[in-house]
Enquirer: 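My structure is below; once you've seen it, I'll send some questions.
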Amino acid sequence: MTYLPYRPFADDAAIRRIGEGLLARTLPRADWTHEGHLAATLWLIRDRPDVDVDARIAEIISRYNESVGGVNDDTQGYHDTITHAFIAGIRLHLSARAPDEALVDAVNTLLASPMGKREWPLGFYSRELLFSVPARRGFLSPDLAPLPSG
């Protein structure tokens, strides 16, 4: 058996289930993993043009967190800078993919790429800035290198 440093998705339906569950606040908390965050966000950006991700992602994730008993405060829950850093990475990833590519392929190649790694934002942010309360509460510009655009 080959070990992968991420959990790939089996098919498009599994990704849609994560995204739809996030929006409806019905997703089991155990399914809200790093991979789930990235898959749902990619799905929202690529397949849900009716959702303004930039304007609504904080509300969507924060309300979901609260619906499963989570808290969004200075130490846990929604983190605005990390979320928006990954949105930049997802957009860059999608800019290099065919628009008709299967959703599962777009997500799994993202997860296998450097942009899919949990520590990816640390290429742009110092640990001190990225994990600060102001960075959690609102988007802060990187202090090491500019975020990519795609």
Side-chain angles (χ1 to χ4, degrees), residues 2-10 12 14-16 18-23 27 29-66 68 70-150:
T2 302
Y3 168 77
L4 293 174
Y6 63 93
R7 292 173 291 249
F9 286 87
D12 289 2
I15 296 162
R16 284 191 202 95
I18 299 284
E20 290 167 359
L22 170 66
L23 291 176
L27 182 69
R29 189 176 196 165
D31 292 344
W32 194 227
T33 62
H34 174 71
E35 293 86 355
H37 278 74
L38 295 182
T41 305
L42 187 147
W43 172 75
L44 285 167
I45 291 169
R46 192 188 94 155
D47 294 352
R48 291 295 305 268
D50 58 308
V51 177
D52 183 343
V53 172
D54 294 311
R56 295 200 46 224
I57 198 69
E59 170 196 356
I60 290 167
I61 294 175
S62 294
R63 286 189 176 177
Y64 168 75
N65 288 343
E66 292 165 359
V68 293
V71 175
N72 301 295
D73 64 16
D74 289 348
T75 62
Q76 59 189 330
Y78 180 75
H79 192 298
D80 201 51
T81 300
I82 290 175
T83 300
H84 284 280
F86 276 111
I87 287 171
I90 290 167
R91 285 193 169 120
L92 178 63
H93 176 75
L94 287 172
S95 74
R97 314 299 303 175
D100 60 347
E101 178 180 35
L103 178 61
V104 69
D105 293 336
V107 168
N108 285 340
T109 56
L110 170 67
L111 295 175
S113 77
M115 287 176 276
K117 308 293 182 262
R118 286 173 177 79
E119 65 277 359
W120 183 75
L122 290 169
F124 310 95
Y125 291 89
S126 64
R127 187 170 293 281
E128 296 75 26
L129 180 61
L130 188 61
F131 295 108
S132 69
V133 172
R136 178 178 288 281
R137 292 301 192 174
F139 176 76
L140 297 181
S141 295
D143 60 341
L144 299 180
L147 287 170
S149 58

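Starting from 1, each residue takes its place in the sequence as its number.
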Enquirer: Taking the side chain as everything from C-beta on, heavy atoms only, tell me whether His84 gets closer than 4.5 Å to Ile57.
Expert: yes
Enquirer: What's the separation between atom CG in Asp105 and atom CG in Leu110, rounded to the nearest 0.5 Å?
Expert: 12.5 Å
Enquirer: Apply the side chain to side chain contact (heavy atoms under 4.5 Å, CB included) test between Trp43 and each candidate in Val51, Ile15, Asp12, Ile90; give the one that qualifies.
Expert: Ile15
Enquirer: Listing request: all salt bridge (charged side-chain N to carboxylate O under 4.0 Å, His left out) pairs with a residue in residues 129-144, at least two apart in sequence or in separate chains.
Expert: Asp74-Arg137
Enquirer: Of all heavy-atom pairs between Thr81 and Gly138, which one has the smallest distance, and what is that distance?
Expert: OG1-O, 2.9 Å
Enquirer: Which heavy-atom pair separates Leu94 from Ala106 by the least distance, and what is that distance?
Expert: CD2-CB, 4.5 Å
Enquirer: Mind checking the CD1-CG spacing from Ile87 to Leu92? Nearest 0.5 Å is all I need.
Expert: 14.0 Å
Enquirer: So, taking the atom named CG in Asn65 and the one named CZ in Arg29, what distance separates them when rounded to the nearest 0.5 Å?
Expert: 7.5 Å
Enquirer: Does a side-chain heavy-atom distance below 4.5 Å link Trp32 with Val68?
Expert: no
Enquirer: Please evaluate residues Arg48 and Leu23 with respect to the criterion side-chain contact (heavy atoms from CB on, under 4.5 Å), reporting the C-alpha separation (whole Å), side-chain torsions for both, the decisive distance (0.1 Å), and the verdict.
Expert: CA-CA 11 Å; Arg48 291 295 305 268; Leu23 291 176; 3.3 Å; yes
Enquirer: Determine whether Thr109 and His93 make a side-chain contact, defined as any pair of heavy atoms from C-beta on separated by less than 4.5 Å.
Expert: yes
Enquirer: Excluding sequence neighbours, so at least two apart, what forms salt bridge (Lys or Arg N to Asp or Glu O under 4.0 Å) with Glu101?
Expert: Arg97
Enquirer: How close do Gly36 and Ile18 get, counting heavy atoms only, and between which atoms?
Expert: O-CG2, 3.6 Å
Enquirer: Give the minimum heavy-atom separation between Val104 and Phe9, together with the two atoms involved.
Expert: CG2-O, 3.3 Å
Enquirer: Quick check for you: to the nearest 0.5 Å, what is the distance between Asp47 atom CG and Leu103 atom CG?
Expert: 5.5 Å
Enquirer: His34 versus Phe86: any side-chain heavy-atom pair under 4.5 Å?
Expert: yes
Enquirer: Please determine if Arg63 and Glu59 form a salt bridge, counting it only when a charged side-chain N lies under 4.0 Å from a carboxylate O.
Expert: yes
Enquirer: Contact between Ile82 and Phe131 at the side-chain level, heavy atoms closer than 4.5 Å - yes or no?
Expert: yes
Enquirer: Ignoring hydrogens and angles, tell me if any N or O in the side chain of Asn72 forms a donor-acceptor pair with the backbone of Ser62 under 3.5 Å.
Expert: yes
Enquirer: State, to 0.1 Å, how close Asp31 and Leu27 come at their nearest heavy-atom pair, and which atoms those are.
Expert: CB-CD1, 3.7 Å
Enquirer: Between Ala135 and Leu130, which heavy-atom pair has the shortest distance, and what is it?
Expert: CB-O, 3.5 Å
Enquirer: Show me the donor-acceptor pairs within less than 3.5 Å that the side chains of residues 116-125 make with the rest of the protein, sequence neighbours left out.
Expert:
| residue | atom | partner | partner atom | Å |
| --- | --- | --- | --- | --- |
| Lys117 | NZ | Leu111 | O | 3.4 |
| Lys117 | NZ | Ala112 | O | 3.3 |
| Lys117 | NZ | Ser113 | O | 3.3 |
| Tyr125 | OH | Leu140 | O | 2.6 |

Enquirer: Output the distance between atom CG (Leu42) and atom CG (Asn108), rounded to the nearest 0.5 Å.
Expert: 10.5 Å
